[in-house]
Every structure is written in C-alpha cells, then in structure tokens.
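Have a look at the structure below, then the notes.
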Amino acid sequence: MQHPVQALAPVAAQVLNTLYGLALSPAEVALQETRKEFAGDFTLVVFPYTRLSKLAPEATGAQIGAAILETAPALVRGFNVVKGFLNLELADQAWLSAFAEASRAGRFGAGPAKGQRVMVEYSSPNTNKPLHLGHMRNIFLGSALSNLLELSGFDVVRANLVNDRGIHICKSMVAYARLGQGETPASSGLKGDHLVGKYYVAYDKAYKTELAELKAQGKTDEEAEANSTWAQAARQSLELWEAGDPDTVALWKQMNGWVYEGFEATYKRMGTRFDKFYYESDTYLLGKDIVEEGLAKGVFYQKEDKSVWIDLTAEGLDHKLVLRGNGTSVYITQDLGTADLKAKEYALDRSVYVVGNEQDYHFAVLFAILKRLGRPYAKGLFHLSYGMVDLPSGKMKSREGTVVDADDLMEETVQEARNRTAELGKIAEMSAQEAEALYEMLGLGALKYFLLKVEPKKRMTFNPAESIDLQGNTATAIQYSHARICSVLRKAAAEGLEADAAPANYTLHPDERALIAHLATLPEVVERAAAEMAPSPLAAFSYDASRAFNKFFTSCSILSADSVEQKRFRLALCDLTARCLRTAMAVLGVAMPERM
RNA sequence: GCACUCGUAGCUCAAUUGGAUAGAGCAUCUGACUACGGAUCAGAAGGUUUGGGGUUCGACUCCCUACGAGUGCACCA
C-alpha cells in the first residue's frame, strides 16, 4: 500500500535538497498529520530550515510550499503557511488511488514477512491458585503482542513458562493431604485450579492460626516459625519432591493436572493459546554449565566460600550472585539456562518476556549477564514490563481476599453484555447459540480493550463496575460501528449493489477524506507498534477509525447517495473500514460481530 | 538510605516521540432530519500538564530540584 505521505516525503526531500542543498532521506523529512483545526493533510515544520533559507519562518514555508507544488502538481493541490508550519493539501486523486490500492490488498495492514523469529513468553503462572486480574493484564498483553508481531511479519512462538514446583505448591499439597478427604474437581464441582487454590488458602489460614497459638504460648516469631507443623510439613514435602518420593510426586502430578485443566478452560475463554510450554520442574536445574563457562571466561568470579558472582557495576548495576556456595542454583541461574534453551530450540532473533515491573531489575541483570557472556541472541532480548492493576479500593491482596478472580470477572462481564443486549432488544432473530457467542464477543472484548488501551508500564485502576461500561471509548462502541457497516453491506447485497473502490472521477466529501486518511495509517501504526512492542496504538487506531466512520455515516448517505457511482464507492469505503477494524481489533484479541 | 517507574480535566485515559490553541470517554448541561442500526452524532462546561528552576525559535515530553504514589535493593521464586 502506498500511503500518500510515502509519495510526498521524497518530493519534500528533493525540494529541500534543491533549495538548501540538504541531503535528507525521505524518512528524515518530518511530515506529520495536520491538526484538524488547520486546513491541509500533512504538515512540514519549517523551523529547522530557517537557518539555511535565511528567511523568516513564514517566508521559508512559502518558498518550500511553492517548490513542492511546482514539483508535484498531481499530488499536491495547495498549501498554506501558519507561523512556521507548512500545511500541504493533497489532491483528491492522491487519496483515491491510495484507497483503491488499499482495497485491493489481500491483508491491508499486514507487514511483509520479516524472516525473523520472535518468542513471546507470557502468562507464566504458579500452579497453586487460580488466575486473577493481574494475570489477565499479562495474558492479554502477551497475546496481543504476539498477534501484533505476527501481523507485522514476524514468525512468532507463544511460550508459557509454568512455575509448577516449589514451596508454594507444597503448601497446597500439604493442606490437601491433611484436609482434603479425597476431594476432586468432579466431587466438589469446583474447577481444578479453584480447588487447588482453596487448599492454598486453607494452608495459609491453618498456618497463621498455629503461629498465633505458638506465640500465645510465649514463643518468639522465629521459634513459632520453626515449630510450626504446617511449615515443617511444607518444607518436608519440598524435600521429598526433590528426592523424587513416589507418593509426593504422585500427589503433585494429580494436583497440577487439576490446575492445568482449569487453566486450559480459562485460556480458552480468553482466546489465547501457546505453542510451547516450559515447566520449571524441567528447567530449574539448568544453567550450572553456564556458570562454569562464565568462570572459565572470567566473566564470573568466585568468593572464598565458593559462591559465584558477577560484577555488573560497569553497567550501573550491582554485584549479583549466580550460584550459591553450596553449589545450588538461584533464580537467575535457571533463567540463564532457560534463555539458552529457548534460543537453541527455536533459533530466535528476538525474545520477549512479559513480566510485571517488580522484576525490572532482575531482567536488567539477566540481560546484562547474557551480553557479557557474548550470547548472539542477547541484543534481541526485551522485557515487556507492565504496571500493577489496582482496584478503586486500593491494591489487590490475595491474603485479604481482595483479588478479582479471572473466571468470575469474565462471567460477570459477559452477563453485563447479556443484560444490555436484552435491554436494547435488537437480536430477536438470533438463535440462542448465536446470541451466546455474541455475549462472549462483547463481554470479553470489553475486558480486553479496557486492559489493553492503556500504556503497559503505567499502573492502572480497574473499576469492575465501570470497565464493563459499554459506551464511549470501549470495544463495544467499535463493535457497534462494525455491526452497522455489516448491516449496510447486507442491504446493498440484497439490492444487488456492488462496491467499487476506483471511481473514474470523484470528488471526496471531507468526512470521506478524513476516514480514508485515517484508514491509510494502519500499516504504519502496525509497524510502529510492533517496533515499540506496544499493542495500545491499535486500540487508539480502532477507536478513531470507528469515530471517523460514525461521522461519515451521519453526514453521507450510502444507499441513497446521489449516483450509483457514489453508492458503490461508499460501499467500498464501508468495506475497507470494516476490514481495518477487524484487523486492528484482532490484534487485541477482540472479535467483531456482524449484528449486535 | 540507594536505584528504577509513575504523577495530565471531578474520574479513567491520549497526545504522531521536542512542534501550532494539550485531546477523548465517563459524569454534568444543551441540541439532532421518525434514523442506510440513536450502543450514534453535534455542541457547552471542565487544564498554571504535582510545585519550582533550566536548556530551546518551541517543553506534558529533555536536564536539575522539591513533593506525592509505587516497586526493587535475599545464598526466595
């Protein structure tokens, strides 16, 4: 797709060269969209050139504008200068041919294949409790980023590193062994992850009660901790697991199996999937060979107690332990090993970790170590860090029962969509099954959009009551525009009217022009968002596109347009709008209904 | 204490990466051809971009500083 600015930039570059002897590449010419309160399509800021022109900003703008108009009269139909801003107005034909080309494109907005592979690791849950709102931000982000990178032309591997071992799992196991009485998901009617979570909570409660009793008997905090039968049992369970004790391993497998069934259902409803699962039970011993290698290379150093460290003060970081004195791993040891494993298995050019910002320092250290070790893939590492999700009441705390459960929230939001749709009563002819599918699209769409429209690194507030609001800057509003377009296209088809994206001679209405100009930015939006690893621009694009369409829709009649040619052109515009909306929203994982 | 992140309308968020008069939605107020779908559109009101300095033709954006919020500084994961 040839965006008009791609034709305009070389012209501007050439003009600047002729006038001032500047050798700029077209990409270096900063053309931006003209603000809507001024006339024009693209604006060149001329301040940087006043020194060369030796003229006032206005005169410089006029000089450049006149030269551009002379060089490319078919592309530019006029210009105006306000202070140091040169506003260029494109000829209708420039927009029309861009539009015709976009309409012909197979997947308008998609980038060419890059021949590069990227892994996106996200979700990465613990297997001791169900997923909550914080995980949802992670999963929607990771999923959207994967879609985005794919659209922009990367070969994407979606990976999930499951934290399936450790003391937290053992706590659930101990509580289940003591209190469970053979309960199963089937016998309890609970989803597997919720059942296991129930015992994790039970452990915490029993442990706290016991601590309080011990302290009441006059024990200090440390003594109480050491004498707690619950804590002892959990530690013992972990040792037995590490030793491969058959009963412990069997219980572990059983309970993790329940959790995976539960997660599977949650992932499915969220609309995400993974190409590769890594399990910490397989990877937690990796990385020791890298410690050896680092020592041999002199990247690491050893203290007298045999512990192994790296000095990262040159990078503005600190000294970091990579192996304990007793030869056992720390967290970063296995992360080093897993990074090598991933790169080896998939020949990765880039590797993204979607992890909360409390681990910013950890990833800075991890990446710095891999660079020092000279790993060729190290330059492609990226930590997509995101902020915590707060509730209006403050922080989510699992211990205080203020977490928002993912399954509950999805159900609630879908219910809200159900109620709202019933209120409006527009889908009488739908089958029950179609209606249910619609409620899922609306409910899940609202949730995903709400969590993804915000810049990841910002901490955000989630108001359960407001987020499922279905008006304003929401997925629902965008879905509504799409449904309206589909309705028009259905009517046109029934009348036998066909779209035509390339009318011979056509004068654009300002709202048509504005809509085309906005749609034309999609490839650039995709490219930039992918480069920045940020899905949120796709949300902004979609919302703006739907608004531009709504404006066009109220000011321009489609099926009762003046001429057949105009009807057919506007149908083509409707069609491209719908396609752009589907493409952009698909990145966010939001499906677009044909009726609602 | 040290380091990192954030601070924009009453609320939730934007701002083309240093460009024009800082934009949307919600909430409030006022309008819209009996409408190709009103889950919409048009308009009003709401701002010293946390405060104070600095750099620049030009600052929400960069630098310094104060304040506020959060996170990290484990031989935990």
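Naming: A, B, ... by sequence-line order, numbering from 1 per chain.
- Among the heavy atoms of the strands lying under 4.0 Å from A483(A) is at least one base atom, whether or not backbone atoms are also near.
- For D390(A) and rA69(B), a side-chain-to-base donor-acceptor distance below 3.5 Å is absent, hydrogens and geometry of angles not being considered.
- When heavy atoms are screened at a 4.0 angstrom cut-off, N163(A) is found touching the sugar-phosphate backbone but no base atom.
- Residue E280(A) is classed as a sugar-phosphate contact, given heavy-atom separations below 4.0 Å to backbone atoms only.
- Taking a centre distance below 5.5 Å and an interplanar angle below 30 degrees as the stacking criterion, Y543(A) does not stack against the six-membered base ring of rA24(B).
- In this structure, R165(A) forms a cation-pi arrangement with Y284(A), its terminal cationic atom sitting closer than 6.0 Å to the ring centre and no more than 45° off the ring axis.
- Remark: aromatic rings of F300(A) and W309(A) are distant, center separation not under 6.0 Å.
- Aromatic pair F552(A)/H509(A): centroids not less than 6.0 angstrom apart.
- Among the protein residues, C574(A) comes within range of no part of the nucleic acid, since none of its heavy atoms lies under 4.0 Å from any strand.
- Within 4.0 Å (heavy atoms only), K567(A) reaches no atom of the nucleic acid at all.
- Here the CZ atom belonging to R137(A) is positioned 9.0 Å from the CG atom belonging to L452(A), to the nearest 0.5 angstrom.
- Each of rA77(B), rG19(B), rA14(B) was ranked by its minimum atom distance to the side chain of F47(A); first place goes to rG19(B).
- Taking 90° from 0 as the syn/anti boundary, the base of rU17(B) is oriented syn.
- Residue ring and nucleobase are not stacked for Y480(A) and rG37(B) under a centre distance beneath 5.5 angstrom and an angle between planes beneath 30°.
- Residue E532(A) is classed as a base contact, given a heavy-atom separation below 4.0 Å to a base.
- With rounding to whole Å, L44(A) atom CG is found 20 Å from rG58(B) atom P.
- Within 4.0 Å of T328(A), counting heavy atoms only, lies no atom of the nucleic acid at all.
- Taking atom CG on D511(A) and atom P on rC41(B), their separation rounds to 12 Å, with Å as the unit.
- Counting any heavy atom pair closer than 4.0 Å across all strands shown, G325(A) reaches a base atom.
- Note on R595(A) versus E434(A): no salt bridge recorded, every NZ/NE/NH1/NH2 to OD/OE distance being 4.0 Å or above.
- Distance, D544(A) CG to rC13(B) C1': 13 Å, rounded to whole Å.
- Side-chain N/O atoms of K453(A) include none lying less than 4.0 angstrom from OP1 or OP2 on rA14(B).
- With its ring centre under 5.5 Å from that of the base six-membered ring and a plane angle below 30°, F553(A) counts as stacked on rC36(B).
- Using a 4.0 Å heavy-atom criterion, one finds that V330(A) contacts the sugar-phosphate atoms exclusively.
- Side-chain N/O atoms of Q63(A) and Y20(A) include a donor and acceptor closer than 3.5 Å.
- Projected onto RNA chain B by closest heavy-atom contact, Q471(A) and I332(A) fall at different nucleotides, the more 5' of which corresponds to Q471(A).
- Across the strands present, rA39(B) finds no partner; the criterion is a Watson-Crick or G-U wobble pair with both atom distances under 3.5 angstrom.
- Counting any heavy atom pair closer than 4.0 Å across all strands shown, R459(A) reaches sugar-phosphate atoms only and no base atom.
- Residue M596(A) is in base contact, counting any heavy-atom pair closer than 4.0 Å across all strands shown.
- Residue S560(A) is out of contact with every strand shown, counting any heavy-atom pair closer than 4.0 Å.
- Ring-to-base geometry does not place F85(A) in a stacked arrangement with rG19(B) (centre distance under 5.5 Å, plane angle under 30° required).
- No contact: T50(A) has no heavy atom under 4.0 Å from any strand.
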